[in-house]
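Just so you know, ligand 1 is whichever comes first in the structure, and atom 1 is the first atom listed for that ligand. For reference, positions follow the sequence shown, starting with 1. The model shown is predicted, which means the values in this text are computed figures rather than measured ones.
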Amino acid sequence: MKQETSAALAPPQSYRVPFSGVGYRYSAEDKDAVMQAMDSSVTLTQGSNQVKFEEKFARFIGVPAAFATSSAAAAFELSAILMNLSPGDEVICPAHTYCASAYPFARHGVQMRWADINRDTFVVSVESVKSLISERTKAIIAVHLYGLPADLDQLREVANQANVLLIEDCAQSIGAKFGEAETGSVGDLAVYSFQSHKNISTLGEGGMLTVQNPELSKHVAGLRHNGHRPFVRSDSRYWYPAMSDVGFDIEGVWPHNFCMGEPQAAIGTVLLDHVAEINSKRRSRFLYSQEALSAYPELVFQTIPDGRTSSHHLLPFRYDGYNYGANNHDFMERLVQQHLIQPATQYYPLNRYELFAASGNGEADVPNTDEFFDNMVSLPFHVWMPDLDFRYVVESVAETAEHLRAHGGSWARKATQ
Ligand SMILES: Cc1ncc(COP(=O)(O)O)c(C=O)c1O
């Protein structure tokens, strides 16, 4: 080990295994679909590729309607608009998730009520959600974090009893299942992300909103695309201004432009055929890591309850190294300095961010969230990483656990001084 101090060392010039990386590498077939859409002489937006992608996506998930968007955050913003929120309303969301699961609701002036996670599954705790339901609750956000479905049976029941919407955040969970149900098919609304790091990406950005209720879904196309709708006209002229009217889909609610382009929709359509194969590669790597690291119970990985199928988007663990006088900073420092592997800590509890604290959303009683964030390590987990590199990551994790068992760590020593 090159150091024994708790002062952070400079990061290496380059990593053997960096944390970030695209979630998936495109094949020639994927690229062909993009080229074909690029060569279209008709349109690069709002065309047949979007229609195809949306129809195929809705069938894939098993929902009546899907709307392609520029991002999951945009899909969440559309959800918030559809909910007709007013100040004083409350939305329940786990504190342990990415900020975009929550800020589209906070933007509308609602009070965010932060739910805790389950200590074993790292996804939202149903008990915690129940304890936060009030007369003012408008929705529960079920985030399938790291690709593991939250308990959709119970959350559906809680939402039904409280007569509030259940919104699924499937940004990380494409292809994950609760029983036989795809994530996104149980909630009233569901949001997906195809951003660069996700299991499938529509060229860097992209999202999808699925909607069960036709009374809500009829508003989405206009709200997403500048309020456009056909002119209602009594003659045969088609050359009205810009060939379409604009208006309010919901009285008084201004539209956005949250559209996805045609080349993105074209590649999304092709990638849907590969979700099972991509997730299965991720699953075999997850299982390999569990087997290889089973001798280290201080590395607590996400428990996958029976009947749930994860999309294995990320590979985090809680490091319970206190018996060995070491903590997650010791773990990460050794991964970085000794093995040139770049880990990450995620997700910063949302209530701790200035964005939420300064907007009156800083209160939370989330001990499992705090414990997890303060002790967690997230490993690089790109699916295109060569097998050799992934084995190297797993071996380095084992070596680090052994080393800290024998020597403890300076960050933990400093923390107890
Ligand atoms: C859990 C979760 N929700 C929402 C989002 C937002 O997705 P997008 O970047 O497509 O807006 C992300 C993206 O990282 C995410 O991980």
Side-chain angles (χ1 to χ4, degrees), residues 19-24 53 57 66-81 91-107 112 114-115 117 121-124 139-150 152 155 166-176 183-184 187 189-210 224 256-261 264-265 267-268 271 279 282 302 310-316 344-350 353 355-356 369 372-373 376 378 380-383:
F19 184 77
S20 283
V22 292
Y24 169 75
F53 186 28
F57 198 89
F67 299 89
T69 57
S70 49
S71 66
F76 266 127
E77 175 61 27
L78 291 168
S79 312
I81 290 173
V91 169
I92 300 173
C93 178
H96 184 64
T97 179
Y98 182 65
C99 59
S101 311
Y103 74 73
F105 302 99
R107 185 204 305 283
M112 297 307 300
W114 302 117
I117 52 170
T121 62
F122 313 160
V123 293
V124 68
I140 299 164
I141 316 299
V143 186
H144 308 308
L145 206 66
Y146 308 119
L148 179 70
L152 283 170
L155 290 169
L166 178 64
I167 303 180
E168 291 182 63
D169 182 340
C170 308
Q172 302 186 357
S173 73
I174 182 85
T183 51
L189 301 161
V191 163
Y192 300 79
S193 173
F194 311 122
Q195 176 263 355
S196 172
H197 198 243
K198 299 301 186 290
N199 290 21
I200 61 170
S201 175
T202 48
L203 304 176
E205 295 285 357
M208 192 72 77
L209 172 65
T210 60
R224 170 186 62 174
H256 290 273
N257 183 352
F258 287 154
C259 294
M260 172 183 276
Q264 290 177 285
I267 200 160
L271 291 180
N279 288 0
R282 290 174 171 274
Q302 195 168 29
S310 176
S311 68
H312 298 286
H313 177 57
L314 289 167
L315 187 57
T345 42
Q346 56 195 159
Y347 289 87
Y348 197 57
L350 295 188
Y353 276 125
L355 189 70
F356 294 106
T369 296
F372 184 64
F373 177 75
M376 72 94 65
S378 190
F381 199 55
H382 343 118
V383 76

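Every atom of ligand 1 with a heavy atom of T97 under 4.0 Å away is listed here by number and element: 1 (C). Of all atoms in ligand 1, numbered sequentially from 1 with element shown, those under 4.0 Å from a heavy atom of D169 are 1 (C), 2 (C), 3 (N), 4 (C).
Residue contacts with ligand 1: Y98 is placed with no nitrogen or oxygen under 3.5 Å of a nitrogen or oxygen of the ligand (distance criterion only). Close N/O approach between A72 and ligand 1 is found [any backbone or side-chain N/O within under 3.5 Å]. At least one N or O atom of K198, backbone or side chain, sits closer than 3.5 Å to an N or O atom of ligand 1. For a threshold of 3.5 Å applied to N or O pairs, the pair formed by Q172 and ligand 1 contains at least one separation below that value. The shortest N or O to N or O distance between A73 and ligand 1 is below 3.5 Å. In terms of polar-atom proximity, S193 is counted as a contact of ligand 1, with an N or O under 3.5 Å from an N or O of the ligand.
The backbone N or O of S311 lies less than 3.5 Å from a partner atom in the side chain of N199, making a donor-acceptor pair. Side chain of Q172 to main chain of L314: no donor-acceptor pair is present (N/O by atom type, distance under 3.5 Å, no hydrogens or angles).
Both the backbone and the side chain of S71 come within contact range of ligand 1, each with a heavy atom under 4.0 Å. Under 4.0 Å from ligand 1, not a single heavy atom of V191 appears.
Separation of the F381 and Y146 ring centroids does not fall under the 6.0 Å cut-off.
When the options S196, S201, A100, G207 are ranked by their closest heavy atom to atom 6 (C) of ligand 1, first place goes to A100.
For the pair L152/E168, a side-chain contact is recorded, criterion being any heavy-atom separation below 4.5 Å from C-beta on. For the pair H256 and I81, the minimum side-chain heavy-atom distance is below 4.5 Å.
H96 pairs in a ring pair (Phe, Tyr, Trp, His ring centres under 6.0 Å) with only one of the listed residues (Y348, W114, F372, F122), which is F372. With S79 as the fixed residue, the side-chain contact (heavy atoms from CB on, under 4.5 Å) test singles out one of D169, V191, I141: V191.
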### Message
side chain to side chain contact (heavy atoms under 4.5 Å, CB included) for F53 and M260? Distances and angles first, verdict last.
### Response
CA-CA 11 Å; F53 186 28; M260 172 183 276; 3.8 Å; yes

